[in-house]
Colleague: 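Pasting in a structure now, in structure tokens, and then I'll have a few things to ask.
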Amino acid sequence: QVRLVESGGGLVQAGDSLRLSCAASGGISNSYTMAWFRQGPGKEREFLAYINWNGANTYYADSVKDRFTIARDSAKNTAFLQTNNLKPEDTAVYYCAAGYIQGLHTQPRDYSYWGQGTQVTVSS
């Protein structure tokens, strides 16, 4: 059974950085696309970043593209989201997602597998 486990969240101050990790297990292969989303209180789940199966293609939401970086280590079946210059409005639960899909996908419904989320709280 496919399992995604996020880690690395926490309480930080504005301007700080966090590196979020997403470890995949349970038969998921390196041919899957991965993405990061977040959901703030009372908000819909928001796309942040996408990386294709071999890491050659990435894409970011405008709100984070100059501050966040997505990467993956295929040998370890792990994806990362480096978040820099965090702002209070970045406060949310951050989720990683995976799917056997071709091309760029930014909608939650396009991804089959989800982690439980990791909380990021940014104080001003």
Side-chain angles (χ1 to χ4, degrees):
Q1 185 172 350
V2 173
R3 186 175 183 221
L4 303 178
V5 179
E6 301 97 334
S7 61
L11 172 63
V12 297
Q13 293 186 332
D16 286 350
S17 300
L18 284 173
R19 188 189 194 212
L20 309 183
S21 298
C22 173
S25 62
I28 194 167
S29 76
N30 292 329
S31 60
Y32 53 89
T33 290
M34 296 196 77
W36 285 91
F37 292 78
R38 69 184 178 190
Q39 190 164 15
K43 298 182 180 180
E44 293 186 352
R45 195 159 295 191
E46 174 191 12
F47 167 81
L48 297 176
Y50 148 97
I51 188 166
N52 77 325
W53 70 275
N54 65 359
N57 296 318
T58 59
Y59 180 80
Y60 298 90
D62 287 343
S63 59
V64 302
K65 67 179 179 180
D66 294 327
R67 300 184 295 123
F68 292 7
T69 303
I70 190 171
R72 66 189 299 166
D73 182 339
S74 296
K76 297 181 179 180
N77 271 353
T78 301
F80 305 96
L81 186 69
Q82 178 67 41
T83 65
N84 297 328
N85 190 23
L86 285 163
K87 304 175 182 180
E89 52 263 42
D90 293 319
T91 294
V93 178
Y94 284 66
Y95 298 91
C96 70
Y100 292 103
I101 48 181
Q102 299 281 341
L104 173 63
H105 290 266
T106 63
Q107 298 299 313
R109 63 175 179 267
D110 295 331
Y111 292 85
S112 302
Y113 308 110
W114 290 85
Q116 83 290 345
T118 185
Q119 177 72 46
V120 172
T121 304
V122 185
S123 63
S124 58

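Note that this is a predicted model, so its numbers are computed, not measured.
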Colleague: Other residues, nucleotides and ligands only: do more than 12 of their heavy atoms fall within 6.0 Å of CH2 on W53?
Modeller: no
Colleague: Say whether, by atom type as modelled, one donor and one acceptor occur between the side chain of R3 and the main chain of A23 under 3.5 angstrom.
Modeller: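 Checking the backbone N and O of A23 against the side chain of R3, no donor-acceptor pair under 3.5 Å is found.
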Colleague: Decide, yes or no, whether a salt bridge links D90 with K87 under the criterion of side-chain N to carboxylate O below 4.0 Å.
Modeller: no
Colleague: Quick one: pull up SG in C96 and CG in L81 and give me the separation to the nearest 0.5 Å.
Modeller: 10.0 Å
Colleague: For a quick check under 3.5 Å, do Q119 and T121 share a side-chain donor-acceptor pair by atom type?
Modeller: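 Indeed, the side chains of Q119 and T121 share at least one donor-acceptor pair under 3.5 Å.
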Colleague: Atom CG in N52, atom OG in S31: separation rounded to 0.5 Å?
Modeller: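 It comes to 11.0 Å.
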Colleague: Looking only at atom types and distance, does a side-chain atom of Q13 sit under 3.5 Å from a main-chain N or O of S123, one as donor and one as acceptor?
Modeller: no
Colleague: Do you see a donor-acceptor pair shorter than 3.5 Å between the side chains of N84 and S17?
Modeller: yes
Colleague: Assess the residue pair F37 and F47 against the criterion (ring-ring contact (aromatic ring centres under 6.0 Å, His included)); give the C-alpha distance rounded to whole Å, side-chain angles, the decisive distance to 0.1 Å, and a yes or no.
Modeller: CA-CA 4 Å; F37 292 78; F47 167 81; 5.7 Å; yes
Colleague: Is the NZ or CZ atom of R72 both under 6.0 Å from the centre of the six-membered ring of F80 and within 45° of that ring's axis?
Modeller: no
Colleague: So, applying side chain to side chain contact (heavy atoms under 4.5 Å, CB included) with Y59, which one of L104, L48, I51 is it?
Modeller: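 Single pass found, and it is L104.
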Colleague: Any side-chain heavy atom of T83 within less than 4.5 Å of one from T69?
Modeller: no
Colleague: Answer yes or no: is there a donor N or O on one side and an acceptor on the other, between the side chain of Y95 and the main chain of T118, under 3.5 Å?
Modeller: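 No, because the side chain of Y95 does not come within donor-acceptor range (under 3.5 Å) of the backbone of T118.
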Colleague: So, do R38 and S63 sit near enough that their side-chain heavy atoms are less than 4.5 Å apart?
Modeller: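 In contact.
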Colleague: State, without any angle test, whether R19 and Q82 hold a side-chain donor-acceptor pair at a distance under 3.5 Å.
Modeller: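 No, no side-chain donor-acceptor contact under 3.5 Å.
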